Protein chains: 2
Amino acid sequence: MRKAPPDFRNRKRAEGQESVLDAIDRRILDRLQRDSTISNQELAEQVGLSPPACLKRVRALRSAGVITRTVAILSPEVLGYPMLTVARVKLELPNEAANHAFEARMAELPRVVQCMTVAGDFDYILLIRSRDVGHYQDFARRVLKLAPGIRSYTSEIVLQVHKATTEVPIDPT
Amino acid sequence: MRKAPPDFRNRKRAEGQESVLDAIDRRILDRLQRDSTISNQELAEQVGLSPPACLKRVRALRSAGVITRTVAILSPEVLGYPMLTVARVKLELPNEAANHAFEARMAELPRVVQCMTVAGDFDYILLIRSRDVGHYQDFARRVLKLAPGIRSYTSEIVLQVHKATTEVPIDPT
DNA sequence: CGTGAAATATGTATCGT
DNA sequence: ACGATACATATTTCACG
């Protein structure tokens, strides 16, 4: 009972095709993931299409889920969250209920910007935004120490972010 | 001979003020970091301003560096990069030249989506996008094993991304 | 997919508070 | 200094070939 669009346009697929995106689609995506403030006119010109044709493709790319969303990226520093920490969490028991509870908790905390499971230790890796060290310590105590089913955790303070891109490789690199 | 706006509007600052953003600015940022496809008209209505006044604020927020950029977020899965890996790298000698060379190398590799230095071990943490396990192994051999000055590295395969937001906390949480 | 026209949004100027 | 109204310009978007 799936309802989402199963694939992108009626291009050749199901043949083990690697991608259903043609060169123009890739150029559109390349531009938009760098800067989506450009007008559709400008974009159309850059990719060699008329504005309506370009717009149709962008909309198709959206509804197909290739473009998941379009957002403004804000400066954490200016907004008072200059600190970034990588935390690793180990649960007591990796059972379904405990995992789900933990993930739901992380989902609702704005300071947790990333939460993922990694192979090997049945661990979570978190990226956490904080105002300062005290603010982080507060978070660690409130959320990590007291959270149900947490066995242990480690924190690593990020000294410098050298690269943090939202871009996904497009060309067959 | 400065030309860029030295600070954000002529609000009260230099008084050790924590922030120069008022409630309306925060509402603008809140909307735009969730979805920047809304028109300025719609945004203006939502924040209770006239379209020109709203536009002026958005532009000011941009040139002040509060909004750093506006981008389309693409689906790594659809684009053929479903795999995410966290790598930790330890350099032989944490000298200036080696660090800079490594950071420059990471900056130019599209598959490296994040690169940061963490306290404690003078280490790097990388987040790497790959097509599959073989593709990552290839990367690890070419980039991590053979990179000059690398002492050791570990890789952790991300099984599931539960949360990955580009949003920064706005309200005084 | 392109062209042309209608609908809509953006951007500017000016005035008022 | 900031916002609102009104007007001009530009872009988005629809219908059609």
Side-chain angles (χ1 to χ4, degrees), chain A residues 5 7-13 19-74 78-79, chain B residues 2-74 170:
Chain A
D7 54 67
F8 184 70
R9 256 181 283 167
N10 296 355
R11 302 279 180 79
K12 48 184 176 180
R13 59 93 190 242
S19 175
V20 291
L21 305 169
D22 66 10
I24 296 181
D25 286 327
R26 289 174 191 280
R27 292 179 68 184
I28 290 174
L29 295 171
D30 181 58
R31 303 304 186 285
L32 290 183
Q33 79 169 340
R34 286 193 165 81
D35 180 12
S36 65
T37 62
I38 58 170
S39 67
N40 182 57
Q41 281 195 337
E42 216 174 306
L43 179 63
E45 191 184 11
Q46 285 185 21
V47 303
L49 237 55
S50 69
C54 185
L55 185 63
K56 253 186 72 181
R57 284 194 184 232
V58 172
R59 288 210 267 234
L61 289 164
R62 274 188 218 285
S63 60
V66 185
I67 298 173
T68 55
R69 58 202 203 286
T70 302
V71 298
I73 306 294
L74 310 184
V78 176
L79 286 163
Chain B
R2 66 177 74 170
K3 49 180 288 193
D7 53 69
F8 187 70
R9 259 180 283 164
N10 296 355
R11 301 280 180 78
K12 48 183 176 180
R13 58 91 190 241
E15 290 287 338
Q17 287 290 334
E18 211 256 336
S19 175
V20 291
L21 304 170
D22 66 9
I24 296 182
D25 286 327
R26 289 174 192 279
R27 292 179 68 184
I28 290 174
L29 295 171
D30 181 58
R31 303 303 186 286
L32 290 184
Q33 79 169 341
R34 285 193 166 82
D35 179 13
S36 65
T37 61
I38 59 171
S39 66
N40 182 57
Q41 280 196 336
E42 217 174 306
L43 180 63
E45 192 185 9
Q46 284 185 22
V47 303
L49 238 56
S50 69
C54 185
L55 186 63
K56 254 185 68 179
R57 284 195 182 231
V58 172
R59 288 212 268 234
L61 289 165
R62 273 188 218 286
S63 62
V66 185
I67 298 173
T68 55
R69 58 201 203 288
T70 303
V71 297
I73 306 295
L74 310 184
I170 287 183

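Just so it is clear, the structure is predicted and the values come from calculations on it, not from any experiment. Residue numbers start from 1 in every chain, and the chains themselves are labelled A, B, ... in the order their sequence lines are given, proteins ahead of strands.
Rounding to whole angstrom units, CG of residue L55(B) and C1' of dC2(D) are separated by 14 Å. The NZ atom of K56(A) sits 7 Å away from the P atom of dC1(C) (whole-angstrom rounding).
In terms of phosphate contacts, R59(A) brings no side-chain nitrogen or oxygen within less than 4.0 Å of OP1 or OP2 of dT12(D). Using a 4.0 Å cut-off, no side-chain N or O of R57(B) falls inside it from OP1 or OP2 of dC2(D).
The two atoms that bring C54(B) and V47(B) nearest to each other are SG-CG2, 4.3 Å, heavy atoms only. The two residues V71(A) and S36(B) come nearest to each other via the heavy atoms N-OG, 3.4 Å. Of all heavy-atom pairs spanning T70(A) and I67(A), the tightest one is OG1-CG2, 4.1 Å. The two residues T68(B) and G65(B) make their nearest non-hydrogen contact at CG2-O, 3.7 Å.
Scanning residues 33-53 of chain A for heavy-atom distances under 4.0 Å to DNA chain C yields L49(A), S50(A), P52(A), A53(A).
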### Query
Pairs counted as Watson-Crick or G-U wobble with both distances under 3.5 Å: what dot-bracket string results for DNA chain D, using | for bases tied to another strand?
||||||||||||||||.
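A donor-acceptor pair shorter than 3.5 Å can be found between the side chains of Q46(B) and R31(B). Side chains of R62(A) and T37(B): no donor on one and acceptor on the other come within 3.5 Å.
With sequence neighbours excluded, the residues forming a side-chain contact (heavy atoms from CB on, under 4.5 Å) with L55(A) are N40(A), R59(A), listed by chain and number.
Salt-bridge annotation for R57(A) and D25(A): present, with a side-chain N of the basic residue lying under 4.0 Å from a carboxylate O of the acidic one.
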